[in-house]
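The block underneath contains the structure these notes are about, expressed in structure tokens.
Hydrogens, waters and symmetry mates are skipped; everything else that's a heavy atom, side chains included, is used.
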Number of protein chains: 2
Amino acid sequence: MRDVAARAGVSAKTVSRVFNDDPHVLPETRAKIEQIMRELNYVPNVLATTFRSGKTSAIGVAVPDIVDPYFAAIARAVDDVARKRGVATLLTNLGDDPARERDVLESLLSRRLAGLIVAPIGVDHSWLKRWTESTPVVFVDRSPTGLPADIFTDNDEAGGHQATSHLIGHGHKRIAYVGDSFHLSTEVNRLAGYRRALTEAGLGFDEALVASYVKDRDSTRAAVERLMALPGRPTAVFSSNARSSMLLLRALPEASVAVVGFGDFPLADLLRPALTVVDQDPDQIGLLAAGRVFERADFPKRRLKRTNVLDVTLIERESCKVARP
Amino acid sequence: MRDVAARAGVSAKTVSRVFNDDPHVLPETRAKIEQIMRELNYVPNVLATTFRSGKTSAIGVAVPDIVDPYFAAIARAVDDVARKRGVATLLTNLGDDPARERDVLESLLSRRLAGLIVAPIGVDHSWLKRWTESTPVVFVDRSPTGLPADIFTDNDEAGGHQATSHLIGHGHKRIAYVGDSFHLSTEVNRLAGYRRALTEAGLGFDEALVASYVKDRDSTRAAVERLMALPGRPTAVFSSNARSSMLLLRALPEASVAVVGFGDFPLADLLRPALTVVDQDPDQIGLLAAGRVFERADFPKRRLKRTNVLDVTLIERESCKVARP
DNA sequence: TTGTAGGCGTTATCAG
DNA sequence: CTGATAACGCCTACAA
């Protein structure tokens, strides 16, 4: 900037004004400076600007796993919204270690972002309080713990209920539940919905039918073997998330049990049998969360509903129809 | 920091020293300061540090589309490497407008990252030159244009040749090529491989068999209809990328033509027929690219091979066997 | 319309 | 081993 100012025979402040579209600059002065900026290939130091002003024109997104199409879709939806406002989106992977969540998030927050959207993996977010005083933080998919904050999530309980009821409607009486970890609000709620559906149908809840650590090929295989060897062998399975569904389809003996999954994913409809799913709307969640971040930033005092639950819908395909009991 | 220094009765510099593990601090002074830092919940301002030092402990990754599992895998692999070194990864979506590529990348670079990994969408990267003087930039998947730079890419030509030869081996003589845009080096090379295989087999290259704008449902449908109505109707298709493959499988009349795709994707093996693919190794690319960034950062003078081409391998499944001519 | 002074939080330098 | 001072590049406030 110094060089530009020197070459143009003006002060640094005037150069700064040109960049910030300050109207109080003579057109000719402006033209000259712009010319020299191009020549010198000058790009203002965003860092210095941010440092000085305390805010960057970027929002952060943190998700457990960027490879998961659900989170990728949320991230892209956020990016679309931010892009329209000329704001950059910085995405980061949380990984699978809850203990590192704080480090990763603070590394983002310390860049003085204009906002942060997070699908958490941790079990305590009270430490986030001091950050929320200066940066709007919006949760997606999973609720925060120990912190009041904006959250956009799916109606997991209703979805679990819908999926299970649908299988019951197809005549199944022994329905297994397959999921991964239980420290997430989503899983807890989906299991609750599953349980309620069973109870309402007078089927009763059997703990043996719950397989809760389906995370990779081995654990999936083990879970399937255990379930299939059960005295009252299940004729149907409710898979509580897309990752588990994909693993399950690989491990299940072909067309041996009916399946309904929570969460649609690419190609689910091209499988044989095509997978019946409870469809979430990650694009919508990303859209709303990004909108909320900007709304909080623009109108800090506005009172808004913190908890926002989106409806889910069942997409009936074929996998719920196989193996009628 | 000021508060901490005041409370500890030392200067700011000493506090700074404690943070930077400077050995020239009395253990008791250090203990006292650490104590007070905890009490005050002091977190150093990364921005100020970066601003001052000119380098952040973060690397950037920019990809065309984060929803594409290939790019998501690269990003996660990079993150894994960076995480082990205690470096954060900032990911960003380039989108589909080549004109915006520069803005997005400069917004990343101006944060003074320790390095940048980019799968470009643009057609000119000469402007990046001034940045590469201060920041290691490594390309992945697609080559840069107008700029010498590190690049890790698949052997696209060999892959195209392999896929096409494989179909020829199954007796096909009319093999279509389906891809998306042609301004990418990857597509150009895959087409070249396709062409070479045809020529080597004495089959000749027929421009009518090339469908180059398969980007969404409509364009895919149109392309398939055109190809199927051709006088010499193709009995096989080489799809030059995973996105096109997924679209194609949806649009193709069931089991009507043999297919080999470039790029594996989740569930490709569970489809009926299971898709035969040329397998890339995005994890490996991410790993190598991240390694190179750090190597360039640590040893600026070391001479390294710029262009790095990774081998691809054909995974034979079923889709290449249907519709034998 | 343009310029000057001061400071954002940290660290390098050099002195004590 | 510790401290004072200056500087990183920019912007706000104020002055000319």
Side-chain angles (χ1 to χ4, degrees), chain A residues 1-37 40-58 106-114 130-131 133-135, chain B residues 1-37 40-58 106-114 130-131 133-135:
Chain A
M1 179 151 124
R2 200 161 273 177
D3 297 345
V4 176
R7 290 256 291 219
V10 299
S11 81
K13 177 66 226 188
T14 306
V15 177
S16 159
R17 276 196 255 263
V18 170
F19 238 92
N20 296 296
D21 291 324
D22 187 317
H24 302 286
V25 182
L26 278 181
E28 42 196 18
T29 314
R30 175 185 302 273
K32 185 172 177 185
I33 293 177
E34 280 173 344
Q35 160 74 14
I36 295 177
M37 290 197 302
L40 263 46
N41 231 309
Y42 165 70
V43 181
N45 185 331
V46 178
L47 229 51
T49 310
T50 305
F51 176 47
R52 178 65 239 255
S53 69
K55 277 296 171 199
T56 327
S57 186
E106 282 196 322
S107 143
L108 267 182
L109 286 161
S110 65
R111 286 164 217 282
R112 301 293 191 266
L113 300 171
R130 60 176 286 270
W131 290 105
E133 282 154 21
S134 58
T135 309
Chain B
M1 178 153 123
R2 197 160 276 175
D3 298 345
V4 176
R7 290 253 293 218
V10 298
S11 80
K13 178 66 219 186
T14 305
V15 177
S16 161
R17 277 195 254 263
V18 170
F19 236 92
N20 296 297
D21 290 323
D22 187 318
H24 302 288
V25 182
L26 277 182
E28 43 196 14
T29 314
R30 175 183 301 273
K32 184 173 179 186
I33 293 177
E34 280 174 344
Q35 160 74 14
I36 295 176
M37 289 197 301
L40 263 47
N41 227 306
Y42 165 68
V43 181
N45 185 330
V46 178
L47 227 52
T49 309
T50 305
F51 175 46
R52 180 65 237 251
S53 69
K55 277 296 173 200
T56 326
S57 184
E106 283 196 321
S107 142
L108 266 183
L109 286 162
S110 65
R111 286 166 218 281
R112 305 294 140 111
L113 301 172
R130 60 176 288 270
W131 289 105
E133 283 153 23
S134 58
T135 309

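- One can place NE2 of B/His24 at 15 Å from C1' of D/dG3, the figure rounded to the nearest angstrom.
- Looking at heavy-atom distances under 4.0 Å, A/Ser53 makes no contact with the nucleic acid at all.
- The base of C/dG9 has none of its N or O atoms less than 3.5 Å from a complementary donor or acceptor on the side chain of A/Arg52.
- Residues A/Glu28 and A/Lys32 are not in side-chain contact: their nearest non-hydrogen atoms beyond the backbone lie 4.5 Å or more apart.
- Between B/Ser16 and C/dG9, a side-chain N or O to OP1/OP2 separation shorter than 4.0 Å is absent.
- Atom CG in B/Asp22 sits about 14 Å away from atom C1' in C/dT10, given to the nearest Å.
- Closest to the B/Ala48 side chain, of the nucleotides C/dT10, C/dG3, D/dC10, is C/dT10.
- Nucleic acid contact for B/Tyr42: sugar-phosphate only, since backbone atoms but no base atoms lie under 4.0 Å from a heavy atom of the residue.
- Judged by distance alone, with hydrogens and angles left aside, the side-chain atoms of A/Thr56 form a donor-acceptor pair with the main-chain N or O of A/Arg111 at under 3.5 Å.
- Rounded to an integer number of Å, the gap from NZ of A/Lys32 to P of C/dT1 is 18 Å.
- Atom CG of A/Leu47 is separated from atom P of C/dT11 by 14 Å (rounded to the nearest Å).
- The shortest distance between side-chain heavy atoms of A/Lys13 and A/Ser16 falls below 4.5 Å.
- Checking D/dG3, C/dT11, D/dT2 against every side-chain atom of B/Thr49, the shortest atom distance belongs to C/dT11.
- Rounded to an integer number of Å, the gap from B/Phe19 CZ to C/dT10 C1' is 12 Å.
- Residue-level contact check: A/Thr50 touches neither bases nor backbone, having no heavy atom under 4.0 Å from any strand.
- Nucleic acid contact class of A/Arg2 (heavy atoms, under 4.0 Å, all strands): sugar-phosphate only.
- Relative to the side chain of B/Asn45, the nucleotides C/dG9, D/dC11, D/dC1 differ in distance, and C/dG9 lies closest.
- The residue among B/Thr14 and A/Asn20 whose nearest nucleotide of DNA chain D is located toward the 5' end is B/Thr14.
- Proximity of B/Met1 to B/Phe19: side-chain heavy atoms (C-beta onward) are nowhere separated by under 4.5 Å.
- A straight line from CG of B/Asp21 to C1' of C/dT11 spans 15 Å, rounded to a whole angstrom.
- Summarising the geometry, the separation between NZ on A/Lys13 and C1' on C/dT1 is reported as 13 Å, rounded to the nearest angstrom.
- When side chains are defined from C-beta on, A/Thr135 does not count as touching A/Arg112, because their heavy atoms never get closer than 4.5 Å.
- Residue ring and base: B/Phe51 counts as stacked with D/dC8 (centre distance below 5.5 Å, interplanar angle below 30°).
- Rounded to whole Å, the distance from NZ on A/Lys55 to C1' on D/dC10 is 18 Å.
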